[in-house]
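One is the number of the first residue; the rest follow in order along the sequence.
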Amino acid sequence: MRQKIVAANWKLNKTLSEGLDLVNFLQSKVNEHDDVIKIICPTFPLLYPIKEILDSSKKFYLGAQNCSAYERGAYTGEVSASILKSVGCEYVIIGHSERRKMFGETEEVLFQKLNLALQNQLKVIYCVGEELDQRKEKLHFNVVKSQLDNLLKLSNEQLQNVIIAYEPVWAIGTGVNATPKQAQEMHAYIREIVATKDADIANAIPILYGGSCNAMNAGQLFQQKDIDGGLIGSASLKGEEFLQIIYAAS
Ligand code: PEP
């Protein structure tokens, strides 16, 4: 049985006081006995103050939205995996489509980030997903397969610290989610690809769905056999709604 995971990607939202209020609210409401791993990914400056108020008994963990492809040195504005680890981060999102697209992150850069994150004992939420025109041209399986190449280059030991997030780009922030059937089909395919490397890892690796997942559709999505939870953007910014998504996973 794979444990359910719900990760909040706050993107470029929430001031310090707003972020602390939201985390305090969530922690006051969740059921200590649920078995859901909950990950909050705020902006960099909020990581440490949020870490200080996290109650580990509620299974909330801290994640960053990005890390540098460099370890240290003259890279103004960058934040390394080791610095993230030092402030209490346990997870990092790598390969989000917004970073691939708007910040030009190539497969090579993503591979460097993956390795540095894993070397620094961060667990990686690795995002893959096709654009709308690629789905229309029925290229979505090929696109996702090639995005998974970086993961197949990792050692089995490294891969055990990876969570995959399938996020079709056409579903992100659009209000149009993949149907449970479309998502399940891709998740099963992703598991098949990972199985070409190692069947046990494929069976154990968590695969999250992301893209307009909300309180209304989370239940049906999370019931699918190969969907192990969600990476949630806009719906994670509202306390009540994010709680409902957590409940849907528990
Ligand atoms: C995301 O960007 O990771 C995401 C899932 O966004 P949204 O939930 O807003 O579609």
*Could you tell me which non-hydrogen atom of N217 sits nearest to which non-hydrogen atom of S212, and how far apart they are?*
ND2-O, 2.9 Å
What pairs of donor and acceptor atoms, side-chain ones from residues 219-226 against any protein atom, are under 3.5 angstrom apart with sequence neighbours left out?
residue : atom : partner : partner atom : Å
Q224    : NE2  : Q220    : O            : 3.1
D226    : OD1  : R191    : NE           : 2.6
D226    : OD2  : Q184    : NE2          : 2.8

*Check whether any side-chain heavy atom of K38 lies under 4.5 Å from a side-chain heavy atom of L26, and answer yes or no.*
no
*Quick one: do L159 and I37 end up in the same hydrophobic cluster if we chain Ile, Leu, Val, Met, Phe, Trp and Tyr together by side-chain heavy atoms under 4.5 Å apart?*
no
*Can you tell me how far the CD atom of E108 sits from the OG1 atom of T106, to the nearest 0.5 Å?*
4.5 Å
*Apart from V143 itself, which Ile, Leu, Val, Met, Phe, Trp or Tyr residues share its cluster (side-chain heavy atoms under 4.5 Å, direct or through members)?*
L139
*Is N9 close to I93 at the side-chain level, that is, under 4.5 Å between some pair of heavy atoms?*
yes
*Taking the side chain from Y209 and the backbone from G211, do they hold a donor-acceptor pair closer than 3.5 Å?*
yes
*Do any pairs count as a salt bridge (Lys or Arg N to Asp or Glu O under 4.0 Å) and have a residue in residues 65-83, sequence neighbours left out, and if so which ones?*
none
*Side chain N203, main chain A199, donor-acceptor under 3.5 Å*: no
*Would you give the length of the straight line joining atom CG of L20 to atom CD of E52, rounded to the nearest 0.5 angstrom?*
9.5 Å
*Apply the test side chain to side chain contact (heavy atoms under 4.5 Å, CB included) to residues L208 and V6: give CA-CA distance (whole Å), side-chain angles for both, the deciding distance (0.1 Å), then the verdict.*
CA-CA 8 Å; L208 311 185; V6 175; over 6 Å; no
_Atom pair CG/CG of D198 and N156 - distance to nearest 0.5 Å_ = 4.5 Å
_Within 6.0 Å of NZ in K153, more than 12 heavy atoms from elsewhere_ = yes
_Residues, nucleotides or ligands: over 12 heavy atoms within 6.0 Å of K145 NZ_ = no
*Does any non-hydrogen side-chain atom of D34 lie less than 4.5 Å from one of K59?*
yes
_Separation of D21 CG from L16 CG (nearest 0.5 Å)_ = 9.5 Å
*Using modelled atom types only, decide if a donor and an acceptor are shared between the side chain of Q65 and the backbone of C41 within a distance under 3.5 Å.*
yes
Distance-only donor-acceptor hits, side chain of residues 116-128, under 3.5 Å, sequence neighbours excluded:
residue : atom : partner : partner atom : Å
N120    : ND2  : L116    : O            : 2.8
Q121    : NE2  : Q119    : O            : 3.2
Y126    : OH   : N150    : ND2          : 3.1

*Looking only at atom types and distance, does a side-chain atom of S80 sit under 3.5 Å from a main-chain N or O of S68, one as donor and one as acceptor?*
no
*asked:* Using every non-hydrogen atom in the two residues, find where G63 and C89 come nearest and quote the distance to one decimal.
replied: C-SG, 3.8 Å
*Run through K136, K138, R135, R100 and flag the one making a salt bridge (Lys or Arg N to Asp or Glu O under 4.0 Å) with E130.*
R135
*Contact check, side chains of E185 and K181, non-hydrogen atoms, under 4.5 Å*: no
*asked:* Tell me if a side-chain donor or acceptor on K4 pairs with a main-chain N or O of G229 at a distance below 3.5 Å.
replied: no
*asked:* Assigning hydrophobic clusters by single linkage (Ile, Leu, Val, Met, Phe, Trp, Tyr; side-chain heavy-atom cutoff under 4.5 Å), is L151 placed with V194?
replied: yes
*Single-linkage hydrophobic cluster, 4.5 Å side-chain cutoff, L132 and M186 together*: no
_Common cluster, Y48/V92, ILVMFWY with side-chain heavy-atom separation under 4.5 Å_ = yes
*asked:* The criterion is ring-ring contact (aromatic ring centres under 6.0 Å, His included); which residues satisfy it with H187, sequence neighbours excluded?
replied: Y166
*Flag the pair K101 / V169 as yes when at least one side-chain heavy-atom distance between them is below 4.5 Å, and no otherwise.*
yes
*pair I39-I5: side-chain heavy atoms closer than 4.5 Å*: yes
*Taking all non-hydrogen atoms of both residues into account, name the closest pair between A215 and I245 and its distance.*
N-CG1, 3.8 Å
*Step by step, work out the side chain to side chain contact (heavy atoms under 4.5 Å, CB included) result for D55 and F60.*
CA-CA 7 Å; D55 171 352; F60 275 94; over 6 Å; no
*Do L22 and F242 come close enough that some side-chain heavy atom pair is under 4.5 Å?*
no
*Look only at the side chain of Q160 and the backbone of I201, and say whether a donor-acceptor pair between them is shorter than 3.5 Å.*
no
*Which is it for Q134 and N142 under the side chain to side chain donor-acceptor pair (under 3.5 Å) test, yes or no, and what are the steps along the way?*
CA-CA 9 Å; Q134 293 169 326; N142 286 347; over 6 Å; no
In residues 231-239, what donor-acceptor pairs under 3.5 Å come from side-chain atoms, sequence neighbours left out?
residue : atom : partner : partner atom : Å
S236    : OG   : I232    : O            : 3.1
S236    : OG   : G233    : O            : 2.7
K238    : NZ   : E241    : OE1          : 3.3

*So E105 and Q112, side chain to side chain contact (heavy atoms under 4.5 Å, CB included) or not? Walk me through it.*
CA-CA 11 Å; E105 295 191 359; Q112 279 172 271; over 6 Å; no
*Might you confirm whether atom OH of Y70 has over 12 heavy atoms from other residues, nucleotides or ligands at distances under 6.0 Å?*
no
*So, do L154 and N161 sit near enough that their side-chain heavy atoms are less than 4.5 Å apart?*
no
*Where K197 and L152 come nearest, the two heavy atoms and their spacing*: NZ-O, 3.1 Å
*So how far is it from K51 NZ to L62 CG, rounded to the nearest 0.5 Å?*
6.5 Å
*Rounded to the nearest 0.5 Å, how far apart are CH2 of W10 and CD1 of I40?*
5.5 Å
*Compare every heavy atom of Q27 with every heavy atom of I53, then report the nearest pair and how far apart it is.*
O-NE2, 2.9 Å
*side chain to side chain contact (heavy atoms under 4.5 Å, CB included) evaluation trace for F103 with N66*: CA-CA 11 Å; F103 300 95; N66 182 28; over 6 Å; no
_For C67 versus A81, what's the shortest heavy-atom pair and its separation?_
CB-N, 4.2 Å
*asked:* Donor-acceptor pair, distance only, cut-off 3.5 Å: does the side chain of Q3 make one with the backbone of D35?
replied: yes
*Any link between Y91 and I164 through a network of hydrophobic side chains (Ile, Leu, Val, Met, Phe, Trp, Tyr) touching at under 4.5 Å?*
no
